[in-house]
*Asks:* 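Here it is, the structure, as structure tokens.
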Amino acid sequence: MNHEFTVIVDFRERAMHKVLERVMAWSNTLEMKNLALGDVVWKNSHKKIVEIILERKHVKDLELCVANQKLWEQLNRLSDTKLKIIVVVEGNPDQVTKISKKWLQSTFEKMRGNGIRILFSKNVYETCVEVKWITHELEMDFQLDKWPLV
């Protein structure tokens, strides 16, 4: 059974929105809004927000958020929503310089332990391909309870 979904991108993610318009080739189901949390959410045809929220972090931004403890603040706010959380890390984790790679790996393990799915992409284009894939999976299955978290 097919279901239709609208991908809602936070208005601050203009570059991502532009790439998604090209990657997804159906901008009538792509919206930009002011999202209180996250960078992408999905809405089904019944206008209900789906149980997934995506947060996009460039590896350098992630490194800064880990170093100043703001990452867990943000992830705790996302966790309070009771939505499934996906964090997409863009860029090369080998570019980390301000914190140890061991500390970063420990952060990833803690995130996974808290049920946060982590995806890695090289750039915004690859992130948008992941968004397209997630949307396709939702449209084909709509079985969120069976969707893998980690």
*Asks:* Check side-chain contact (heavy atoms from CB on, under 4.5 Å) between Gln105 and all other residues, then give those that pass, not counting sequence neighbours.
*Replies:* Phe108, Glu109, Arg112

*Asks:* Mind checking whether Ile116 and Glu55 have side chains closer than 4.5 Å, heavy atoms only?
*Replies:* no

*Asks:* Side chains of Glu130 and Leu54: does their closest heavy-atom pair fall under 4.5 Å?
*Replies:* no

*Asks:* Mind checking the CG-NE2 spacing from Asn92 to His58? Nearest 0.5 Å is all I need.
*Replies:* 9.0 Å

*Asks:* In Å and rounded to the nearest 0.5 Å, what is the CE to CG distance from Met111 to Leu71?
*Replies:* 5.5 Å

*Asks:* Are any side-chain N or O atoms of Thr107 and backbone N or O atoms of Trp103, one a donor and one an acceptor, separated by less than 3.5 Å?
*Replies:* yes

*Asks:* Just grab all the salt bridge (charged side-chain N to carboxylate O under 4.0 Å, His left out) pairs involving residues 9-20, residues at least two apart or on different chains.
*Replies:* Asp10-Arg12, Glu13-Arg56

*Asks:* Answer yes or no: is there a side-chain heavy-atom contact under 4.5 Å between Trp42 and Val7?
*Replies:* yes

*Asks:* For residues Ile85 and Val87, determine if any side-chain heavy atom of one lies less than 4.5 Å from a side-chain heavy atom of the other.
*Replies:* yes

*Asks:* Are Met32 and Val40 co-members of a hydrophobic cluster defined by side-chain heavy atoms under 4.5 Å apart?
*Replies:* no

*Asks:* Do the non-hydrogen side-chain atoms of Val131 and Val9 ever get within less than 4.5 Å of each other?
*Replies:* no

*Asks:* Using every non-hydrogen atom in the two residues, find where Glu90 and Val124 come nearest and quote the distance to one decimal.
*Replies:* OE2-CA, 3.4 Å

*Asks:* Can you see which heavy atom on Val23 is nearest to which on Lys132, and at what distance?
*Replies:* O-NZ, 3.4 Å

*Asks:* Measuring from atom CG of Leu37 to atom CG of Leu78, what distance do you get when rounded to the nearest 0.5 angstrom?
*Replies:* 5.5 Å

*Asks:* Do the side chains of Leu30 and Phe11 join up, straight or via other hydrophobic residues, at under 4.5 Å, putting them in one cluster?
*Replies:* no

*Asks:* Roughly how far, to the nearest 0.5 Å, is CG of Leu75 from CG of Asn114?
*Replies:* 8.5 Å

*Asks:* Nearest 0.5 angstrom please: Ile53 CD1 to Asp39 CG, how far?
*Replies:* 8.5 Å

*Asks:* Nearest 0.5 Å please: distance from the CG atom of Leu119 over to the CD atom of Glu126.
*Replies:* 11.0 Å

*Asks:* Can you confirm whether Leu62 sits close enough to Leu104 that some side-chain heavy atom of one is under 4.5 Å from a side-chain heavy atom of the other?
*Replies:* yes

*Asks:* According to salt bridge (charged side-chain N to carboxylate O under 4.0 Å, His left out), who are the partners of Lys110, at least two apart in sequence or on a separate chain?
*Replies:* none

*Asks:* Is there a continuous path of hydrophobic side-chain contacts, each under 4.5 Å between heavy atoms, that joins Trp72 to Val89?
*Replies:* yes

